[in-house]
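To start, the structure under review is shown below, and the notes come after it.
In this text, all values refer to a predicted model and were calculated from it rather than measured experimentally. Positions are given from 1 along the sequence. Whatever order the structure lists them in is the order used to number ligands and atoms, beginning at 1.
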Amino acid sequence: MRYFHSICLLIIFVALSKCNDDIVKAFKDNEVTPDVISIIPDGVLEVRYPSGNEVKLGNELAPRDVKEIPEIRYDADPDSFYTLILTDPDAPSRRNPTRREWNHWLVVNVPGTNISGGEVITEYVGSAPPKGSGLHRYVFVLFEQPGKLTFNEPHHSKNDGKRGNFSTEKLRKKYNLGKPIAGNFFQAQFDDSVPATHKQLGF
Ligand SMILES: *[C@@H]1O[C@H](CO)[C@@H](O)[C@H](O)[C@H]1NC(C)=O
Ligand SMILES: *[C@@H]1O[C@H](CO)[C@@H](O)[C@H](O)[C@H]1NC(C)=O
């Protein structure tokens with residue numbers, strides 16, 4: 001019985017370290033670190049879209065599959081507050097990211113895992129990479145806040161396209177958010193759903 005327990009613990013340990021190795025490799029190989037965040041998150045954030053698509057450390061998804069707000073899962077302390085970011089460092093393109101980062105979603109003061117109980121600073125908008133701009137990286141980062149905070153940041157509605165010049169790293173430092181506890185990312189390129197999103201954003 002005791003032997004069985006040790007084997008189980010070993011398997012859990014190996015599974016956890018593998019998960020951690022995967023995120024370290026994916027964030028480095030795809031330069032999410034350093035382009036978005038200087039510190040690689042501790043764990044993989046679970047992100048699942050209503051379309052059935054799951055975000056898997058750099059997999060390619062189509063803009064049409066990420067139009068709706070995804071379901072986000074993570075282990076949380078119910079008494080802590082969290083900051084969730086979705087950002088595109090490749091605006092307008094990865095080759096020439098003059099408007100890095102373009103902020104797709106920013107929710108702060110999230111109580112535990114209840115994202116809808118958080119304060120929305122930037123309303124969710126799915127991927128809308130311009131035609132011919134290649135693959136963009138869409139990066140999710142989750143921080144555990146040092147407490148409930150007052151955020152002094154410009155708000156963006158879902159029709160507001162002026163979301164460039166965002167910096168995950170600046171936000172992290174400004175509010176002392178520390179080490180990201182979880183992260184994940186996917187990649188996407190133009191598809192025929194993008195023009196409607198651009199129209200919504202006033203482009
Ligand atoms: C999440 O927050 C919303 C808005 O404050 C609230 O209506 C809802 O009951 C909360 N859900 C849970 C599971 O606590
Ligand atoms: C971007 O923000 C920085 C300050 O964070 C500012 O110095 C710079 O002028 C801004 N650039 C644009 C294009 O708005």
Side-chain angles (χ1 to χ4, degrees), residues 12 15-16 19-20 22-23 32 36-37 39-57 59 61 63-88 101-128 137-163 166-186 188 193 196-197 200-202:
I12 289 168
L16 284 176
C19 170
N20 192 265
D22 287 349
I23 191 170
V32 174
V36 171
I37 184 91
I39 310 168
I40 297 173
D42 281 332
V44 179
L45 188 69
E46 261 187 74
V47 183
R48 205 179 300 266
Y49 279 94
S51 61
N53 290 90
E54 203 180 326
V55 175
K56 289 182 187 161
L57 295 176
N59 59 332
L61 299 177
R64 78 174 69 86
D65 293 331
V66 298
K67 287 173 89 74
E68 315 290 339
I69 290 187
E71 189 187 323
I72 309 281
R73 291 226 183 119
Y74 53 93
D75 290 327
D77 175 347
D79 298 325
S80 284
F81 293 93
Y82 295 83
T83 290
L84 175 68
I85 299 170
L86 172 59
T87 194
D88 170 9
E101 300 157 24
W102 206 87
N103 185 216
H104 282 261
W105 199 21
L106 176 58
V107 190
V108 300
N109 289 322
V110 174
T113 57
N114 189 359
I115 311 261
S116 49
E119 186 188 324
V120 180
I121 292 185
T122 303
E123 282 187 46
Y124 182 86
V125 167
S127 309
R137 296 163 292 173
Y138 295 90
V139 182
F140 292 87
V141 183
L142 181 77
F143 294 98
E144 181 174 358
Q145 299 174 193
K148 192 163 188 180
L149 301 173
T150 301
F151 283 82
N152 188 6
E153 299 300 319
H155 282 66
H156 302 291
S157 76
K158 67 179 175 42
N159 300 316
D160 180 358
K162 295 192 186 68
R163 297 159 172 242
F166 178 79
S167 166
T168 300
E169 198 58 30
K170 272 189 190 150
L171 196 83
R172 182 180 87 77
K173 289 185 177 140
K174 183 170 171 186
Y175 297 100
N176 261 310
L177 301 176
K179 188 175 188 204
I181 62 166
N184 208 337
F185 67 104
F186 66 91
S193 77
T197 310
Q200 170 195 322
L201 291 165

Worksheet item: Do the ring planes of Tyr49 and Tyr124 sit parallel (below 30°), tilted (30 to 60°) or perpendicular (above 60°)?
Response: tilted
Worksheet item: For the atom pair CG (Leu177) and OG1 (Thr83), what is the distance rounded to the nearest 0.5 Å?
Response: 5.0 Å
Worksheet item: Between Asn159 and Ser157, is a side chain to side chain donor-acceptor pair (under 3.5 Å) present by the stated rule, with each step listed?
Response: CA-CA 5 Å; Asn159 300 316; Ser157 76; 4.6 Å; no
Discussion item. Going by salt bridge (charged side-chain N to carboxylate O under 4.0 Å, His left out), name the pairs with one or both residues in residues 43-55, residues two or more places apart or in two chains.
Written reply: Glu46-Arg48, Arg48-Glu54
Fill in: Contacts of type side chain to side chain donor-acceptor pair (under 3.5 Å), residue Asn184, not counting sequence neighbours
none
Worksheet item: Lys173: what forms a salt bridge (charged side-chain N to carboxylate O under 4.0 Å, His left out) with it, not counting sequence neighbours?
Response: Glu169
Quick one: ligand 1 N/O to protein N/O pairs below 3.5 Å?
residue	atom	partner	partner atom	Å
ligand 1	2 (O)	Asn114	ND2	2.4
ligand 1	11 (N)	Asn114	ND2	2.8
ligand 1	14 (O)	Asn114	ND2	3.4

